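All values reported here derive from a predicted model rather than from experimental measurement. Hydrogens, waters and symmetry mates are skipped; everything else that's a heavy atom, side chains included, is used.
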Amino acid sequence: MLENPQAIKDALIQWIRDYFSQNGPTCSAVVGISGGKDSTIVAALCKEALGADRVVGVLMPNGVQSDIDDAKAVAEHLGIPHITVNIGAAYEALTQAIVQGEGYDVVTGRNDLSRDAAINTPPRLRMATLYAVGQNLPNGARVANTCNGSEDYVGYSTKFGDSAGDFSPLARLVVEEVRQIGKLLDIPAYLVDKVPSDGLSGQSDEDKLGFTYAMLDHYIRTGEIEDLATKERIDRLNRMNKHKLEMMPSFNPNI
């Protein structure tokens with residue numbers, strides 16, 4: 001893991017400053033605040049880099065969110081302006097519009113959303129919300145991506161949902177490295193150490209993935225792993241989900 005987390009933290013804060021100086025000197029950073037460690041740490045880094053008045057937190061429950069108090073605590077502790085947008089009604093309306101669409105049942109053979117669509121639609125609505133909020137700020141905005149490198153490696157994100165954004169502070173740091181950075185920031189320790197979960201299934205992210213982040217982090221950084229079945233699962237997820245990290249392929253007519 002990080003040999004000098006303080007140096008990396010300082011460099012990361014400078015990187016955010018440099019990004020905004022080149023891409024929006026007066027813009028605010030818009031951060032979706034979930035109450036988890038990654039969005040908390042990104043918001044805290046942006047506050048140190050830009051000042052609290054240039055960081056806008058957006059809380060986006062889908063109906064009822066069990067840990068919404070953690071999200072509120074983040075924004076209040078950091079002293080950043082924040083907005084709560086409940087996407088529940090939008091999600092329900094979009095779901096109904098899709099499943100009641102003319103020809104939907106004929107083309108898909110079903111009258112409801114698939115499990116994958118039901119899981120991935122809320123993150124995409126949240127990203128649309130972040131950009132809409134940003135475009136209403138008086139000095140403009142850049143949207144923070146809050147994914148970490150461990151999640152990205154196995155595709156544990158939604159394409160054009162939480163995997164989107166304008167700048168990504170944590171994408172090249174694995175989970176334990178993110179926690180090392182978090183422990184140096186002015187944020188409650190329980191949020192840094194909070195067990196990652198989707199807040200929907202009742203399972204932790206590690207339960208759903210089938211391996212721990214510690215195992216994944218070690219494998220990413222060293223290439224070493226003892227359990228061959230876990231290695232094969234991680235490798236398969238990495239192969240399947242590389243498209244989430246690559247630019248969209250485009251045809252070159254060589255004109």
Side-chain angles (χ1 to χ4, degrees), residues 9 12-62 65 67-87 122-149 151-152 156-158 160-173 175 177-179 181-188 190-192 194 196 198-199:
K9 188 205 90 165
L12 183 44
I13 290 168
Q14 188 58 50
W15 178 83
I16 294 171
R17 288 183 183 135
D18 292 343
Y19 171 81
F20 275 85
S21 69
Q22 297 168 19
N23 296 283
T26 63
C27 284
S28 296
V30 174
V31 186
I33 306 290
S34 68
K37 72 177 184 318
D38 296 322
S39 64
T40 299
I41 290 168
V42 167
L45 288 167
C46 288
K47 175 187 173 180
E48 286 206 26
L50 306 172
D53 60 329
R54 287 182 61 195
V55 183
V56 175
V58 186
L59 287 64
M60 296 170 286
N62 182 12
Q65 179 180 325
D67 61 350
I68 191 69
D69 287 344
D70 284 348
K72 291 176 181 176
V74 170
E76 291 167 2
H77 178 82
L78 294 176
I80 59 174
H82 55 283
I83 302 166
T84 300
V85 180
N86 196 313
I87 67 164
R124 291 178 177 132
L125 286 172
R126 289 189 176 102
M127 189 53 63
T129 300
L130 293 177
Y131 275 98
V133 168
Q135 289 182 318
N136 281 283
L137 296 178
N139 295 318
R142 300 291 179 264
V143 173
N145 169 277
T146 60
C147 291
N148 64 61
E151 293 172 335
D152 283 345
Y156 199 63
S157 62
T158 296
F160 303 119
D162 55 329
S163 69
D166 296 314
F167 67 107
S168 188
L170 307 182
R172 300 192 185 186
L173 296 170
V175 165
E177 293 167 346
V178 171
R179 287 199 177 105
I181 297 294
K183 289 172 182 176
L184 299 174
L185 296 166
D186 178 27
I187 49 180
Y190 79 91
L191 294 174
V192 176
K194 185 177 178 181
D198 61 12

- Any side-chain heavy-atom pair of Lys194 and Asp67 under 4.5 Å: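 SC-SC contact between Lys194 and Asp67 confirmed.
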- His82 side chain reached by Val74 side chain, heavy atoms, under 4.5 Å: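 Not touching, per the 4.5 Å side-chain cut-off.
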For the student: nearest non-hydrogen atoms of [X] and [Y], plus distance:
X      : Y      : result
Leu78  : Ala52  : O-CB, 4.2 Å
Arg142 : Gly24  : NH2-CA, 4.1 Å
Leu50  : Ala29  : CD1-CB, 3.9 Å
Leu173 : Pro169 : CD1-O, 4.4 Å
Pro122 : Asn62  : CG-ND2, 3.7 Å
Leu130 : Met60  : CD2-CE, 3.6 Å

- Evaluate side-chain contact (heavy atoms from CB on, under 4.5 Å) for Ser157 paired with Glu151, printing each intermediate quantity in order. CA-CA 7 Å; Ser157 62; Glu151 293 172 335; 5.6 Å; no
- Query: Between Gln65 and Asn86, is a side-chain contact (heavy atoms from CB on, under 4.5 Å) present by the stated rule, with each step listed?
  - Reply: CA-CA 10 Å; Gln65 179 180 325; Asn86 196 313; over 6 Å; no
For [X] and [Y], test the side chains for any donor-to-acceptor distance below 3.5 angstrom and give the result as yes or no.
X      : Y      : result
Asp18  : Gln22  : no
Asp166 : Tyr131 : yes
Thr26  : Asn139 : no

- Is it true that atom CZ of Arg17 has more than 12 heavy atoms of other residues, nucleotides or ligands lying nearer than 6.0 Å? yes
List the atom pairs, donor and acceptor, that lie under 3.5 Å between side-chain atoms in residues 32-40 and the rest of the protein, sequence neighbours left out.
{"unit_1": "Ser34", "atom_1": "OG", "unit_2": "Gly36", "atom_2": "N", "d": "3.1"}
{"unit_1": "Ser34", "atom_1": "OG", "unit_2": "Ser39", "atom_2": "OG", "d": "3.2"}
{"unit_1": "Asp38", "atom_1": "OD1", "unit_2": "Asn148", "atom_2": "ND2", "d": "3.4"}
{"unit_1": "Asp38", "atom_1": "OD2", "unit_2": "Asn148", "atom_2": "ND2", "d": "3.0"}
{"unit_1": "Ser39", "atom_1": "OG", "unit_2": "Ser34", "atom_2": "N", "d": "3.1"}
{"unit_1": "Thr40", "atom_1": "OG1", "unit_2": "Gly36", "atom_2": "O", "d": "2.7"}

- Query: Out of curiosity, Asp69 CG to Glu76 CD, how far, rounded to the nearest 0.5 Å?
  - Reply: 9.0 Å
- Task: Kindly determine whether Val30 and Leu137 satisfy side-chain contact (heavy atoms from CB on, under 4.5 Å), including the steps that lead there.
- Result: CA-CA 10 Å; Val30 174; Leu137 296 178; 3.8 Å; yes
- Pairs meeting criterion ring-ring contact (aromatic ring centres under 6.0 Å, His included) with involvement of residues 19-59, two or more places apart: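 Non-adjacent pairs meeting ring-ring contact (aromatic ring centres under 6.0 Å, His included): Tyr19-Phe167, Phe20-Phe167.
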- Message: If the test is side-chain contact (heavy atoms from CB on, under 4.5 Å), which one of Val31, Leu170, Ile41, Asp162 qualifies with Thr146?
- Response: Val31
- Item | Sequence neighbours excluded - salt bridge (Lys or Arg N to Asp or Glu O under 4.0 Å) pairs with any residue from residues 42-61 |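 Salt bridge (Lys or Arg N to Asp or Glu O under 4.0 Å) check on residues 42-61 returns Lys9-Glu48.
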- Whether Ser163 side chain and Thr158 backbone form a donor-acceptor pair below 3.5 Å: yes
